[in-house]
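Here the structure is a predicted model, which is why all the values come from computation and not from measurement. In listed order, ligands and their atoms are each counted from 1.
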Amino acid sequence: MIIGRLPKAELHLHLEGTLEPEMMLALAQRNGVPIRFRSVEEARSAYRFGSLQDFLDLYYEGMSVLRTERDFYDLAWAYLERAKENNVVHAEVFFDPQGHTARGVPFAAVFGGIRRALDDAETRLGISSRLILCFLRHLDEDDAQRTLDAALPHLEGIAGVGLDSSERGHPPSKFARVFARARSLGLRLVAHAGEEGPAEYVREALDVLGVDRIDHGNRAVEDPALVARLRELQIGLTMCPLSNLRLGVVPSLAAHPLPRLLEAGLLVTVNSDDPAYFGGYVDDNYRALGLGEAAQRHLAANSFRASFLPEEVKRHWIDVVNSF
Ligand code: ADE
Ligand code: ZN
């Protein structure tokens with residue numbers, strides 16, 4: 001497969017979702033945080049999910065071991081080293097500050113550790129990046145506003161905001177004001193939509209929040225007019241095949257909508273979401289789709305097209321992809 005050799009961007013990656021069980025156990029010990037798993041095997045065997053909420057319960061439990069600036073550095077650095085092995089040359093990564101500040105971890109410790117790792121990756125690994133602050137949608141909008149307040153002193157290191165966590169019952173419109181404020185601050189906007197929630201949430205993310213990109217967007221396929229609009233506007237969809245399979249969002253990889261949407265001319269991309277929990281990093285997600293070389297090249301080029309890189313840098317990487 002050509003995919004291992006192609007440069008690519010990863011655009012949908014939750015740093016907290018890269019916490020491998022080995023690191024979870026090591027940090028639990030380092031920080032004296034009790035966890036219910038006594039071994040890596042025991043943790044991994046718990047990674048069976050019937051729904052998004054099943055996964056999220058474990059994801060929030062896992063992140064309880066992250067306490068210090070150094071922990072966030074180590075977490076992000078471990079991901080960036082894996083990304084390098086996958087020939088990721090640009091990463092636009094999410095973090096969930098509310099998952100940490102609610103436990104008494106200062107915003108500055110979370111942001112500082114991640115930011116330092118991203119800066120080191122640029123110089124030591126040659127990986128450029130953007131950092132995207134996600135609001136947890138199961139919490140209320142005031143909590144999101146306070147999180148944006150906490151981010152204000154650090155905005156030079158934050159490219160955008162996103163929306164994640166439990167989708168059903170928490171439509172994008174619940175966050176209309178905080179997204180409008182983020183836009184007025186010059187931030188880029190993305191949102192998880194149409195993962196478990198209906199196609200209508202994808203419409204709301206576009207119309208009410210005015211997002212630049214949709215995370216997942218699988219269920220847009222249920223609405224042909226919406227699919228036509230996503231194609232027309234070339235809205236990036238950051239899709240995550242192994243995540244969708246493990247969370248029961250698609251019945252099988254063969255049924256995944258990505259190949260059809262790619263064929264139809266939408267700006268779809270391949271990403272790993274929470275690779276420590278879903279059994280694969282970004283190249284594994286490409287391989288899982290079983291597509292031919294032309295499609296792999298097309299998807300790697302799309303990863304740059306849909307990124308927040310400057311146009312001339314996009315052009316450079318797309319040319320490199322097409323030279324393979
Ligand atoms: N947080 C981390 N991974 C997520 C996903 N796949 N959907 C929603 N929220 C998330
Ligand atoms: Zn996600």
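Protein neighbours of ligand 1 below 4.0 Å, counting non-hydrogen atoms: H14, L52, F55, L56, Y59, D164, S165, H192, E195, H216, D273, D274.
Within the model, atoms OG of S303 and CG of L309 stand 9.0 Å from one another, a figure rounded to the nearest 0.5 Å. Between N302 atom CG and H298 atom NE2 the span is 4.0 Å, to the nearest 0.5 Å. Interatomic distance, NZ of K84 versus CG of L125, reported as 6.0 Å (0.5 Å rounding).
Panel detail: the Zn ion (ligand 2) has protein N, O or S atoms under 2.8 Å away, 4 in number.
Under the 4.0 Å criterion applied to side-chain N and carboxylate O atoms, R246 and D274 are not assigned as salt-bridge partners. Taking 4.0 Å as the cut-off between side-chain N and carboxylate O, R229 and D223 do not count as a salt-bridged pair.
Residues forming a ring pair (Phe, Tyr, Trp, His ring centres under 6.0 Å) with F95 (at least two apart in sequence, or on another chain): none.
The aromatic rings of Y47 and Y277 lie tilted to each other, with the angle between the two planes from 30° to 60°. Between F72 and H100, the angle of the ring planes goes over 60°, which puts this pair in the perpendicular group of the 30/60° scheme.
Under a 4.5 Å side-chain heavy-atom criterion applied to ILVMFWY residues, the cluster that includes V190 comprises F94, I132, F308 as well.
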